[in-house]
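See below for the structure under consideration.
Numbers here simply count residues along the sequence, with the first being 1. Counting starts at 1 for both ligands and their atoms, in listed order.
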Amino acid sequence: MAGERILLVEDNPQNRRLAQFLLKSRGYVVYEAATGEEALELATTHRPDLILMDLQLPGLDGFAVTRRLKKNSVTMDIPVIAMTAYAMKGDRERAMEAGCDGYLTKPIDTKEFPLAVGRYLTSAREKGAFDHGAGS
Ligand code: MN
């Protein structure tokens with residue numbers, strides 16, 4: 001749905017540019033963070049509808065950021081979708097343990113990526129409607 005707000009956490013400038021281009025083309029509002037610290041700040045200030053979280057970040061990595069987001073009552077309900085270049089089974093499990101709500105693999109597939117984001121937003125909306133009641 002156009003206008004939904006997405007926090008994109010990605011330290012690689014090329015990946016970040018591609019992802020934000022694809023998301024903005026779909027009409028989403030995109031906040032960009034290149035570090036875990038920026039991600040925490042933007043998530044708290046803007047409370048986006050969805051967070052796309054690169055797991056491999058310098059310093060505070062995506063696992064640590066997700067754990068903090070899920071412990072904070074301000075941000076705990078925001079769905080966090082992990083993005084990782086490592087197609088390793090263990091990474092997915094670690095992401096889920098850290099509190100991630102879903103998982104996307106890199107490199108970014110220009111067709112599949114926006115569709116997957118759309119599906120995650122739809123399921124987040126449906127879950128929100130269920131949790132908080134219609135019209136709230
Ligand atoms: Mn990275």
Side-chain angles (χ1 to χ4, degrees):
M1 198 187 283
E4 281 173 299
R5 298 168 311 122
I6 297 173
L7 171 58
L8 171 64
V9 187
E10 169 65 79
D11 64 311
N12 180 293
Q14 268 178 295
N15 286 342
R16 200 170 61 241
R17 266 198 298 277
L18 175 60
Q20 68 93 21
F21 171 77
L22 294 169
L23 296 170
K24 284 183 179 170
S25 301
R26 285 264 170 149
Y28 298 125
V29 175
V30 183
Y31 308 115
E32 295 178 50
T35 66
E37 288 78 5
E38 271 176 25
L40 287 172
E41 194 186 319
L42 290 176
T44 312
T45 334
H46 294 292
R47 299 182 66 188
D49 298 300
L50 188 80
I51 299 174
L52 295 173
M53 181 71 68
D54 180 18
L55 294 175
Q56 288 80 39
L57 297 168
L60 200 61
D61 69 14
F63 299 102
V65 176
T66 302
R67 270 185 232 109
R68 292 199 194 183
L69 291 170
K70 293 299 180 181
K71 275 186 199 150
N72 182 342
S73 61
V74 175
T75 52
M76 58 172 36
D77 292 332
I78 305 170
V80 178
I81 308 306
M83 299 191 296
T84 181
Y86 301 156
M88 287 170 64
K89 199 179 157 209
D91 236 25
R92 182 186 197 123
E93 284 157 6
R94 279 182 67 207
M96 296 306 170
E97 277 166 22
C100 289
D101 303 277
Y103 190 88
L104 291 172
T105 47
K106 292 190 284 187
I108 290 167
D109 180 320
T110 55
K111 277 187 187 152
E112 179 54 26
F113 175 75
L115 296 176
V117 169
R119 284 195 296 270
Y120 280 124
L121 281 165
T122 300
S123 75
R125 269 200 308 277
E126 284 166 0
K127 188 173 178 291
F130 180 76
D131 288 347
H132 307 301
S136 68

Can E10 and R17 be counted as an ion pair, charged N to O under 4.0 angstrom?
no
For the Mn ion (ligand 1), report each protein N, O or S atom nearer than 2.8 Å, sorted by chain and then by residue number.
D11 OD1, D54 OD2, Q56 O
Where do Q20 and L8 come nearest, in terms of heavy atoms and distance?
N-CD2, 3.7 Å
Expected output: side-chain K106 to main-chain T84 donor-acceptor under 3.5 Å:
no
Residues R119, E112; criterion salt bridge (Lys or Arg N to Asp or Glu O under 4.0 Å); working and verdict
CA-CA 10 Å; R119 284 195 296 270; E112 179 54 26; 2.5 Å; yes
Less than 4.0 Å between a side-chain N and a carboxylate O, is that true for K127 and D77?
no
With sequence neighbours left out, write down each residue that passes ring-ring contact (aromatic ring centres under 6.0 Å, His included) with Y31, or none if nothing qualifies.
H46
